[in-house]
Amino acid sequence: MYPINLDLTGQACLVLGGGSVAERKVRRLLDEGAVVTVIAPALTPALQILAEEHQLSWQRRTYQPGDETTFFLIICATDDEAVSQAVSAAAKAQGKLLNVCDVPDLCNFTLPSIVRQGDLQLTISTNGKAPAFSRWLRKHLEQHFDERYGRWMAELAAIRKEGQALLATSRDRQAFWRQALTDDVMDLVENNEIDAASSLLRKRLAAWERKNHET
Ligand SMILES: C[C@@]1(CC(=O)O)c2cc3[nH]c(cc4nc(cc5[nH]c(cc(n2)[C@H]1CCC(=O)O)[C@@](C)(CC(=O)O)[C@@H]5CCC(=O)O)C(CC(=O)O)=C4CCC(=O)O)c(CCC(=O)O)c3CC(=O)O
Ligand SMILES: NC(=O)C1=CN([C@@H]2O[C@H](COP(=O)(O)OP(=O)(O)OC[C@H]3O[C@@H](n4cnc5c(N)ncnc54)[C@H](O)[C@@H]3O)[C@@H](O)[C@H]2O)C=CC1
């Protein structure tokens with residue numbers, strides 16, 4: 001398993017099938033800004049609405065060999081095993097990103113459980129061995145990594161920018177962050193004292209910069 005974070009903004013993505021599984025996959029792709037085409041003889045009511053609103057383009061037919069050629073990423077969610085086999089062989093031969101829902105052997109990527117708070121994203125995978133445990137762990141982690149962490153990410157990103165302006169070298173910035181981002185800062189975040197955590201980091205940044213000038 002080689003995890004990557006894909007930017008799908010504006011990327012042409014193909015979903016085969018128009019059932020409830022396809023619907024879930026389409027929603028997630030649209031959330032990521034993908035340009036989605038659905039090929040299926042029939043759609044769920046929710047997918048029909050998305051098609052009418054032009055949020056996706058629908059080709060009302062079954063899969064034809066070669067359909068995958070112009071797409072960056074393909075998700076196969078039909079109930080026809082022969083289609084899954086054919087799409088899998090064709091897409092893999094063309095070096096496409098391919099997921100066949102719930103058939104890991106036909107995929108070259110699988111989908112993890114996701115905990116997301118702002119720019120923080122934790123993904124969980126069991127290499128397909130225990131998806132029920134992925135779901136349990138996602139729910140468990142969601143309780144801990146709540147909206148505090150979304151706010152904290154925004155603060156950290158701002159302080160990181162300040163550090164980039166104040167500290168000249170990448171080595172120095174690395175040294176700063178390794179000594180500055182410690183358990184006491186994170187304890188404040190845990191207590192929902194985000195402003196206090198930010199202040200403490202900024203104080204450390206100022207002190208670090210002063211020390212740089214003295215030496
Ligand atoms: C390979 C993969 C699919 C892919 O990537 O295409 C896959 C495969 C299979 N899932 C099966 C079943 C279940 N899947 C879930 C739940 C989820 N499954 C998800 C992902 C993945 N599932 C990928 C690997 C993920 C990993 O590595 O852990 C999650 C994380 C995300 C998502 O689906 O979007 C989502 C949790 C979302 C969340 O809540 O956070 C539950 C639990 C439940 O629904 O309550 C059950 C019932 C319990 C059970 O059966 O174990 C079966 C047997 C089907 C059968 O028996 O017919 C197969 C096929 C097989 O094992 O061969
Ligand atoms: N519903 C669920 O929660 C789960 C479903 N699955 C599997 O995922 C697959 C899809 O599930 P659902 O969405 O529930 O099925 P569904 O039967 O609701 O949808 C299948 C869709 O595929 C379309 N289709 C059929 N042949 C096609 C072809 N040749 N080309 C293009 N589209 C075609 C149909 O028109 C329909 O829209 C099935 O294989 C199912 O066994 C697996 C795990 C859970």
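Each ligand, and each atom within it, is numbered from 1 in the order the structure gives.
- Surrounding NE2 of H144 are more than 12 heavy atoms belonging to other residues, nucleotides or ligands, all under 6.0 Å away.
- For the pair N108 (side chain) and L98 (backbone), a donor-acceptor distance under 3.5 Å is present.
- Those atoms of ligand 1 that come under 4.0 Å of a heavy atom in K25, given as number and element, are 33 (O), 34 (O).
- In this structure, atom 56 (O) of ligand 1 has no protein heavy-atom contact shorter than 4.0 Å.
- The closest non-hydrogen atom to atom 14 (N) of ligand 1, taken over C101, P131, P112, comes from P131.
- Atom 36 (C) of ligand 1 has its closest protein heavy atom at S113 OG, 3.5 Å.
- Between the side chain of R116 and the main chain of L122, no donor-acceptor pair closer than 3.5 Å is present.
- Between G19 and ligand 2, a contact under 3.5 Å exists for at least one N or O pair.
- Annotation: side chain of Q121 is not in contact with side chain of V115 (no heavy-atom distance under 4.5 Å).
- More than 12 heavy atoms of other shown residues, nucleotides or ligands fall within 6.0 angstrom of atom CZ in R61.
- In summary, the atoms of ligand 1 found under 4.0 Å from a heavy atom of T126, numbered by their order in the structure, are 26 (C), 27 (O), 28 (O).
- The protein atom (non-hydrogen) at minimum distance from atom 7 (C) of ligand 1 is D102 OD1, 3.4 Å.
- Using a 4.5 Å heavy-atom cutoff, the side chains of L29 and V35 are not in contact.
- Atom 24 (C) of ligand 1 lies below 4.0 Å from at least one non-hydrogen atom of the protein.
- Judged by distance alone, with hydrogens and angles left aside, the side-chain atoms of D146 form a donor-acceptor pair with the main-chain N or O of R148 at under 3.5 Å.
- The single protein non-hydrogen atom nearest to atom 45 (O) of ligand 1 is R135 CD, 3.3 Å, given as residue, atom name and distance.
- Of all the heavy atoms of S134, the ones lying under 4.0 Å from any atom of ligand 1 belong exclusively to the side chain.
- Residue E68 forms a side-chain hydrogen bond (donor to acceptor under 3.5 Å, both in side chains) with just one option from Q94, K96, K92, and that option is Q94.
- In this structure, the protein non-hydrogen atom closest to atom 27 (O) of ligand 1 is G128 N, 2.7 Å.
- Considering both main-chain and side-chain atoms, R24 never comes within under 3.5 Å of ligand 1 through any nitrogen or oxygen pair.
- Here V100 has backbone heavy atoms under 4.0 Å from ligand 1, and that is the only part of it that gets that close.
- By the 3.5 Å distance cut-off applied to N or O atoms, T110 is not counted among the residues near ligand 1.
- For atom 47 (C) of ligand 1, the nearest protein heavy atom is 4.0 Å or more away.
- Proximity of the aromatic rings of Y149 and W152 is defined here by a centroid distance below 6.0 angstrom, and this criterion is not met.
- Taking atom 34 (C) of ligand 2 as the reference point, the nearest protein heavy-atom neighbour is P41 CD, 4.2 Å.
- In this comparison of L43, D102, D79, V103, the heavy atom closest to atom 42 (C) of ligand 2 sits on D102.
- Around atom CD of E81, no more than 12 heavy atoms belonging to other residues, nucleotides or ligands sit under 6.0 Å away.
- Every atom of ligand 2 with a heavy atom of V83 under 4.0 Å away is listed here by number and element: 29 (N).
- The shortest N/O to N/O separation between S125 and ligand 1 falls below 3.5 Å.
- Distance screen at 4.0 Å: atom 3 (C) of ligand 1 has a protein heavy-atom neighbour inside the cut-off.
- Between I124 and ligand 1, a contact under 3.5 Å exists for no N or O pair.
- In this structure, of G17, S20, A42, the residue bringing a heavy atom nearest to atom 23 (C) of ligand 2 is G17.
- Any N or O atom pair closer than 3.5 Å counts here, and L111 shares at least one such pair with ligand 1.
- Of all the atoms in ligand 1, the ones that sit under 4.0 Å from a non-hydrogen atom of N127 are 27 (O).
- Ranking protein heavy atoms by distance to atom 6 (O) of ligand 1, first place goes to N99 ND2, 2.9 Å.
- Nearest-heavy-atom check against atom 62 (O) of ligand 1 across P104, A77, A130 picks out P104.
- Every atom of ligand 2 with a heavy atom of I39 under 4.0 Å away is listed here by number and element: 31 (C), 32 (N).
- Salt bridge annotation for E147-R151: absent, with no cationic side-chain nitrogen under 4.0 angstrom from a carboxylate oxygen.
- Ligand 2 has a nitrogen or oxygen under 3.5 angstrom from a nitrogen or oxygen of T78.
- R138 NH2, 2.5 Å is the protein heavy atom nearest to atom 39 (O) of ligand 1.
- Of the polar atoms of R28, none of the N or O atoms is found under 3.5 Å from an N or O of ligand 1, judged by distance alone.
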